[in-house]
Amino acid sequence: MTLVAGIDSSTQSVKVVVRQAGTGALARFGQAPHPDGTEVDPAAWWDALGAAIGIAGGLDDVAAVAVGGQQHGMVALDAAGEVIRPALLWNDTRSAAAAEDLIDELGDGDRAAGAAAWASAVGTVPVASLTITKLRWLRDAEPEHAARVAALALPHDWLTWKLSGGTDVEELTTDRSDASGTGYFDASADGGAGAYRPDLLARALGRDDVVLPRVLAPAERAGTAEGASSPAVLGPGAGDNAAAALALGLGPGDVALSVGTSGVVSAVVDHPVADPTGLVAGFADATGRYLPLAVTLNASQVLDRVAGLLGVDHGGLAELALAASPGAGGLVCVPYLAGERTPNKPLATGAFHGLTLGNATRENLARAAFEGVLCSLADGLDAVRTQGLDVASIQLVGGAARSRALTAIAPTVLGRPVVVPQPSEFVADGAARQAAWVLAGGEAPPEWTASRSRTYEAAQAPEVRERYARARELTVERS
Ligand SMILES: Nc1ncnc2c1ncn2[C@@H]1O[C@H](COP(=O)(O)OP(=O)(O)O)[C@@H](O)[C@H]1O
Ligand SMILES: O=C(CO)[C@@H](O)[C@H](O)COP(=O)(O)O
């Protein structure tokens, strides 16, 4: 029996799945937490990965392994391959002003022209999440660090390199899906193989004499993992949402709605997407196609915080929310606790609107939190649909999809049934499937047995989105 492993180095933790290469059946699992915060020393990811691999029984009997991970994080390396400063993560908003500067500069002072030029160049209008804006921030805020940058990697690139025992930055690799989230890679160039845009990198960092990871083809080998008694083949890996799409086998019209640290609406399409409004990011998938997506900064952690405020666990929060009626008695949660990326409001704060003496109950607060997170994702779904996507089905995934309140409330807000696959670590699963593909070769990943799923239906409550639309602009900026 051949085994493969998939890794998800995500915002809050790292997960390792070991699966049978032929069928995808789960053999083993391990997980270890990541530190809190929006800047993290990559060494902490490496330590956590070692712990999670140990819990998953090691990689000695695994024939191939691939790494999926949180996108956009800036891992800056010096000429000796040492990390220069803690990585700035996708949800770090300090580079919001740098994003605006980059847009204005490309448009020669005309923001709309700049946004259109970025969308056309790399499929995405810069926001604070993108790596390129973090490089501009580094240039301006930490010039001594910027001057030492010899190579740039994303979290999954760096972990793949570390697994290979890499010390030479020239040996760094990445894949097209994760590269497409940097802001200095055009996934549609060269017939869809993609190409870096050193001119845009130079705009941000002030120079382009920096090693960028070699972009591997979807099932190309990145080398072998060092340390295991019989070294496993390393796959190219992928950005987390592309890996999840691979696990879910998204087809035409299938939308994945992920409620993890990030809220993500994504779909796989055959054509490049370039949205000059910036609401939809025109990223690439892990099979050679494209992955338009809308990402929010506020999803599962909003539910975590409101559960904390109410002094309950996830089960208790769900119970409270389901005891309230749709619309939470008129209470509206604008969930921008972390600032927001879609819409681009990095300085926004969250709010509960519509409190009255009659509706100020724990049940309504809980329900409003779920509805606020879902309304924000419903806005993201609308944005993705404006890019020509005809939605056939919605699959609800991510850590919070384990909540019976989220699954019950989602169809009332979205106005459609939602399909909830049996809970699994879809990013790690997609990485494992890619590893199996690298072993098997061929044009497409091996077919794995589909997991069971359940469809949730409910009457739509259109007033929920209507009230949210009136409230979402009513936020105070953080000081
Ligand atoms: N039953 C549940 N109800 C609501 N949220 C949950 C539940 N189980 C896990 N979560 C939340 O899911 C999040 C982790 O999801 P995950 O997709 O693994 O995140 P990430 O990939 O961003 O690290 C945490 O914020 C956790 O509190
Ligand atoms: O920024 C994005 C995608 O553009 C996020 O999806 C991050 O990749 C983090 O994902 P999670 O850790 O929340 O899964």
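Model, not experiment: these values are computed from the prediction. First listed ligand is number 1; within each ligand, the first listed atom is number 1. Because only heavy atoms are used, hydrogens play no part in the values below, and waters and symmetry mates are left out as well, while side chains stay in.
- Residue-ligand proximity, Val295 to ligand 2, at heavy-atom distances under 4.0 Å covers atoms 2 (C), 3 (C), 4 (O).
- Counting heavy atoms under 4.0 Å from ligand 2, residue Val264 touches it through the side chain alone.
- Scanning the protein for heavy atoms near atom 14 (O) of ligand 2, the closest one is Asp240 OD2, 3.2 Å.
- Counting only non-hydrogen atoms, the option in Gln31, Arg404, His314 that gets closest to atom 2 (C) of ligand 1 is His314.
- Protein heavy atom at the shortest distance from atom 24 (C) of ligand 1 is Gln12 NE2, 3.5 Å.
- A perpendicular orientation is assigned to the rings of Trp45 and Trp158, their planes being inclined by more than 60° (bins at 30° and 60°).
- Figure legend: cation-pi geometry between Arg19 and Phe29 absent, as NZ or CZ is not positioned both under 6.0 Å from the six-membered ring centre and within 45° of its axis.
- In terms of polar-atom proximity, defined here as any N/O pair under 3.5 Å, Glu425 makes no such contact with ligand 1.
- Each of the atoms 8 (O), 9 (C) of ligand 2 lies under 4.0 Å from some heavy atom of Gln70.
- If you look at Thr261 next to ligand 2, the close heavy atoms, those under 4.0 Å, come from the backbone and the side chain alike.
- For atom 4 (O) of ligand 2, the nearest non-hydrogen atom from the set His72, Gln12, Gln71 belongs to His72.
- Atom 2 (C) of ligand 2 has as its closest protein heavy atom Arg341 NH1, 3.6 Å.
- Close contacts of ligand 1 with Arg402, meaning ligand atoms under 4.0 Å from a residue heavy atom, involve 1 (N).
- Contacts of Thr261 with ligand 1, taken as heavy-atom pairs under 4.0 Å, involve both backbone and side chain.
- A heavy-atom distance below 4.5 Å is found between the side chains of Val464 and Cys375.
- Residue contacts with ligand 2, taken as heavy atom pairs separated by less than 4.0 Å, do not involve Val427 at all.
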Begin with the C-alpha distance, continue with both residues' side-chain angles, and end with the deciding distance and a verdict on side chain to side chain contact (heavy atoms under 4.5 Å, CB included) for Ser180 and Tyr290. CA-CA 10 Å; Ser180 70; Tyr290 297 87; over 6 Å; no

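- In this structure, Leu248 and Pro421 have side chains that are in contact, with non-hydrogen atoms separated by less than 4.5 Å.
- Within the 4.5 Å cutoff, the side chain of Arg472 has heavy atoms near those of the Tyr336 side chain.
- The ligand atoms of ligand 1 that sit less than 4.0 angstrom from a heavy atom of Ser10 are 20 (P), 21 (O), 23 (O).
- Looking from atom 25 (O) of ligand 1 to the surrounding protein, the closest heavy atom is Asp304 OD2, 2.6 Å.
- Under 4.0 Å from ligand 1, the heavy atoms of Lys15 that appear belong solely to its side chain.
- For ligand 1, the polar-atom distance check against Gly399 finds a nitrogen or oxygen pair separated by under 3.5 Å.
- For atom 5 (C) of ligand 2, the closest heavy atom belonging to the protein is Ser262 OG, 3.5 Å.
- Side-chain polar atoms of Ser393 and Asp254 form a donor-acceptor pair below 3.5 angstrom.
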Given the rule in the side-chain hydrogen bond (donor to acceptor under 3.5 Å, both in side chains) test, do Thr277 and Asp275 qualify, once you have shown the distances and angles that lead to the verdict? CA-CA 5 Å; Thr277 72; Asp275 174 15; 2.8 Å; yes

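- Summary of contacts: the protein heavy atom closest to atom 13 (C) of ligand 1 is Ser300 OG, 3.3 Å.
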Evaluation steps, side-chain hydrogen bond (donor to acceptor under 3.5 Å, both in side chains), between Ser266 and Asn241: CA-CA 8 Å; Ser266 60; Asn241 296 299; 5.2 Å; no

Walk me through it: do Val16 and Ile55 pass the test side chain to side chain contact (heavy atoms under 4.5 Å, CB included)? CA-CA 9 Å; Val16 178; Ile55 295 165; over 6 Å; no

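- Here the heavy atom of the protein found nearest to atom 12 (O) of ligand 2 is Thr11 OG1, 2.4 Å.
- For the residue pair Gln422 and Ser451, no side-chain donor N or O sits within less than 3.5 Å of a side-chain acceptor on the partner.
- Using a 3.5 Å distance cut-off with no hydrogens or angles, the side chains of Gln71 and Asp178 do pair a donor with an acceptor.
- In this pair, Phe283 and His72 present their aromatic rings tilted. The plane angle is within the 30 to 60° band.
- Residue contact check: Phe283 has heavy atoms under 4.0 Å from atoms 4 (O) of ligand 2.
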